[in-house]
2 protein chains.
Amino acid sequence: MKEYVNQPHYLVAVDCIVFGFDDGQLKILLVKRGLEPEINKWSLMGGFVGAEETPDEAANRVLKKLTGLEGVYLELLNIYGEPDRDPIERTLSVGYFALIDIHKYETQLIDNYHAEWFPINEIPKLIFDHNRMVAEARKKLKFKASLHPILFEMLPKKFTIPQLQTLFEQVNDTKMDTGNFSRKVTSTGLLIRLEEKDKSNSKKGAYYFKLNKKSYAESFNDLLSL
Amino acid sequence: MKEYVNQPHYLVAVDCIVFGFDDGQLKILLVKRGLEPEINKWSLMGGFVGAEETPDEAANRVLKKLTGLEGVYLELLNIYGEPDRDPIERTLSVGYFALIDIHKYETQLIDNYHAEWFPINEIPKLIFDHNRMVAEARKKLKFKASLHPILFEMLPKKFTIPQLQTLFEQVNDTKMDTGNFSRKVTSTGLLIRLEEKDKSNSKKGAYYFKLNKKSYAESFNDLLSL
DNA sequence: ACAAAAGTGTTTTCTATACACCCATGA
DNA sequence: TCATGGGTGTATAGAAAACACTTTTGT
C-alpha cells in the first residue's frame, strides 16, 4: 500500500467529438465554452468525470445534457494528457467520438449551450488541443467505418442509398460509382427497402431503406468491409 | 475558473499488455505484483502517471523499466475507470498494448520483476480487471492487424515467411494456405529477401526476409489489408 | 420531349482460393 | 531414396471497377 502514497492526483475530463450528417455534409457539434479560461471560445463538449461514474458514463451524461439523446454510439478516441494542456491545472482528457442522427437532438438543449454544427472542413480554431482531437477523430472514424457499418448511426431511420453514398464519400474523402455502390450496399443484407420514395433530389425518386436491425447487430461480431 | 473547484482528483495509472511471439506461440508478459494489495499475484506491468509525463510517456517508461527496450510499438487500448476497480483508492488505468521482439528484451530486468511469458491461451487469473484488459487487447490486436502491418513488430529483424504465417494464424485464430500466404505477403513489397535460409524446420530451408523499412513506413498512411 | 438522378446490365479486370506439383536436402 | 516443409503454377470462382444504358417523372 505504501506505493500509493504521494502519487499525484489529477482532474479527469471527457470531451466528445459529435459527428452528424446533414445536407450532404459531415458535421461536428461545437459549443461556446461556458467557463474560464477561454470562456466564449469554441470548444468540444466536455465535463469532468464524477466520483461515481466511469469515463464512459461521463461521456454519455455529457452527451445527454447537450443533445437529449441516450444510447448514442460512443467510442473511445484517445487520451490527452500533456501536463500543460489545460493552463489552469493538470487535466487528463478522455476523448470520445459520437455518431448521432443530426435530426434527433433537441434544439432547445443545443441552444442552451450555444452549440452549433460545423461542416467538417470548416472547423474554427478551438481551445486547448481540441483541434487535434477533431483531426484524430476524423481519421479514426474513417478506419473504423472501413470494417464496421457504423455510419448508419448518423442516418435517420429512413434513408436513401444516394444519401448513404454521400456520407461514405464524405467520410472517406472520395467519390464512388453510384451503380456499383447501390449494388454493393444492397447485397449486404443490412438494408430493407421500403415502398416510399424520396423525390427531393430527382424526378424518378430514390427508394427509402431502413436498417435490418438483426443483421446489423450480428455484423458487429464480424469484420465486415462495406 | 470556478468550475474547476471541488472537482474530484484521481490517481491515473498505465498498464501494459506486452505481446511477443516465440516458439510458434503468441505470448504475453506478466509480472508478479510487488505492492499491496494483491502482492505476489500475477498482473500486467504498470505504474502511475507522473506529474511531468503523458500517459504515453508513462507507458514507455514502464516498458523500458521492464524490458530495457525503447521505441516499442505501443497503442492505446482502452481506459479502465470503474470507481471501485482498485480497492484501495479510485484509480483510472490507461491500458496500452505493446508489440515487442521477444528475443530483444533484457533477461536481467525481467528477472528483477519476476516476470514471465505466458502463451495467450494459458493466461492465469490476474488482479483487478487485468484479465478483461488482456481479452480486449487480443481482440484489438486482431482488428488492427487486419488493416495495418503491425505484426512485424513482434518478429526479429530476419524472419521467414512460415514464421510470419504462424504469427498471423495465432493472432487471427485461423489456418491459411502456405502457398497463397507466401505469394500474398511477398506481393506487398514490404519484404526484402535475403540470401540466407533458415533450415531449422525443413531440409529445403526457408529464405529469411527483412522489412523494407521505407514501404513499411509509408504503409502506415494507408489502409492496407495484409 | 427533355434532362437528370436512380439504379440495372454487361463486360472486363483483379483478387482470393484451392490444390496439384515441383524443389531442395538431411537423414 | 524418400519424407518433409517450402514454395511455384495453374485453374476456377468471386468481387470490384468501369461504364453503357434504361427507367422514371417534373418541367
Side-chain angles (χ1 to χ4, degrees), chain A residues 23-25 142 145-149 155-156 158-210 215 219 222-226, chain B residues 21 23-25 145-147 149 155-156 158-210 219 222-226:
Chain A
D23 195 22
Q25 285 194 301
K142 179 173 167 179
S146 75
L147 287 176
H148 302 268
L155 291 174
K158 295 188 309 187
F159 54 87
T160 66
I161 290 184
Q163 235 182 320
L164 179 59
Q165 177 168 356
T166 308
L167 175 53
F168 263 76
E169 291 177 342
Q170 290 272 318
V171 168
N172 294 314
D173 200 18
T174 179
K175 284 278 176 194
M176 42 232 298
D177 179 272
T178 57
N180 292 336
F181 184 83
S182 171
R183 239 170 326 205
K184 187 171 178 178
V185 90
T186 48
S187 75
T188 61
L190 288 174
L191 303 188
I192 297 171
R193 197 173 86 178
L194 308 177
E195 288 312 306
E196 194 185 355
K197 281 188 165 188
D198 166 27
K199 300 207 173 174
S200 61
N201 291 299
S202 74
K203 343 272 172 160
K204 182 181 175 184
Y207 280 108
Y208 278 114
F209 288 78
K210 65 175 182 179
S215 319
S219 72
D222 312 326
L223 289 172
L224 171 72
S225 54
L226 200 58
Chain B
F21 180 65
D23 197 21
Q25 284 196 300
S146 76
L147 287 176
L155 291 174
K158 295 189 310 187
F159 53 88
T160 67
I161 291 184
Q163 235 181 321
L164 179 59
Q165 176 168 357
T166 307
L167 176 52
F168 263 77
E169 291 177 343
Q170 290 273 317
V171 169
N172 295 313
D173 201 18
T174 177
K175 284 277 177 194
M176 42 231 301
D177 180 273
T178 57
N180 292 335
F181 184 84
S182 171
R183 240 174 323 217
K184 188 171 178 178
V185 90
T186 48
S187 76
T188 61
L190 287 173
L191 303 187
I192 297 171
R193 197 174 86 179
L194 308 177
E195 289 312 307
E196 194 185 354
K197 279 189 165 187
D198 166 27
K199 301 206 173 175
S200 61
N201 291 299
S202 74
K203 344 272 171 158
K204 181 180 176 183
Y207 279 109
Y208 277 114
F209 288 78
K210 64 175 183 180
S219 72
D222 312 326
L223 289 171
L224 171 73
S225 55
L226 201 60

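Naming: A, B, ... by sequence-line order, numbering from 1 per chain. Hydrogens, waters and symmetry mates play no part in the numbers below; they use all other heavy atoms, side chains included.
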Quick one: which protein N/O atoms are closer than 3.5 Å to N/O atoms of nucleotides 18-21 of chain D? Pair and distance per line, please.
residue: D:dA18; atom: N7; partner: A:Asn180; partner atom: ND2; Å: 2.8
residue: D:dA18; atom: N6; partner: A:Asn180; partner atom: OD1; Å: 3.2
residue: D:dC19; atom: N4; partner: A:Asp177; partner atom: OD1; Å: 3.4

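With rounding to whole Å, B:Met176 atom CE is found 15 Å from D:dG7 atom P. Residue B:Leu164 contributes atom CG, which lies 19 Å from atom P of D:dG5 at whole-angstrom precision. When the P atom of D:dG7 is taken as reference, atom CG of B:Asn201 falls 11 Å away, rounded to whole Å. One atom, CZ of A:Phe181, and another, P of D:dA16, lie 13 Å apart when rounded to the nearest Å. The nearest whole Å value for the distance from the NZ atom in B:Lys203 to the C1' atom in D:dG6 is 13 Å. One atom, NZ of B:Lys175, and another, C1' of C:dT17, lie 17 Å apart when rounded to the nearest Å. With rounding to whole Å, B:Gln163 atom CD is found 10 Å from D:dG6 atom P. Rounding to whole angstrom units, NZ of residue B:Lys184 and P of D:dT8 are separated by 16 Å.
In this structure, of C:dA6, D:dG6, C:dG7, it is C:dA6 that holds the atom nearest to the side chain of A:Ser202. Each of D:dT25, D:dG6, C:dA5 was ranked by its minimum atom distance to the side chain of B:Ala206; first place goes to D:dG6.
Contacts of B:Phe181 classified as ring pair (Phe, Tyr, Trp, His ring centres under 6.0 Å), with partners at least two apart in sequence or in another chain: B:Phe168. A:Phe159 meets the ring pair (Phe, Tyr, Trp, His ring centres under 6.0 Å) test with A:Phe152; sequence neighbours excluded. Looking at residues two or more places apart in sequence or on another chain, you find no side-chain hydrogen bond (donor to acceptor under 3.5 Å, both in side chains) involving A:Lys203. Checked against side-chain hydrogen bond (donor to acceptor under 3.5 Å, both in side chains), B:Gln25 has no partners two or more places apart in sequence or in another chain. Residues passing the side-chain hydrogen bond (donor to acceptor under 3.5 Å, both in side chains) test with B:Ser200, sequence neighbours excluded: B:Asp198. A:Lys199 meets the salt bridge (charged side-chain N to carboxylate O under 4.0 Å, His left out) test with no other residue; sequence neighbours excluded. Qualifying salt bridge (charged side-chain N to carboxylate O under 4.0 Å, His left out) partners for A:Lys204, counting only residues two or more places apart in sequence or in other chains: none.
No hydrogens or angles were tested; on distance alone, a donor-acceptor pair under 3.5 Å links the side chain of A:Lys204 to the base of D:dT23.
Residues from residues 192-200 of chain A with heavy atoms under 4.0 angstrom of DNA chain D, sorted by number: A:Lys199.
The neighbour count for A:Asp177 CG, taken as heavy atoms of other residues, nucleotides or ligands under 6.0 Å away, is above 12.
A side-chain donor-acceptor contact under 3.5 Å links A:Ser215 to the backbone of A:Gly189.
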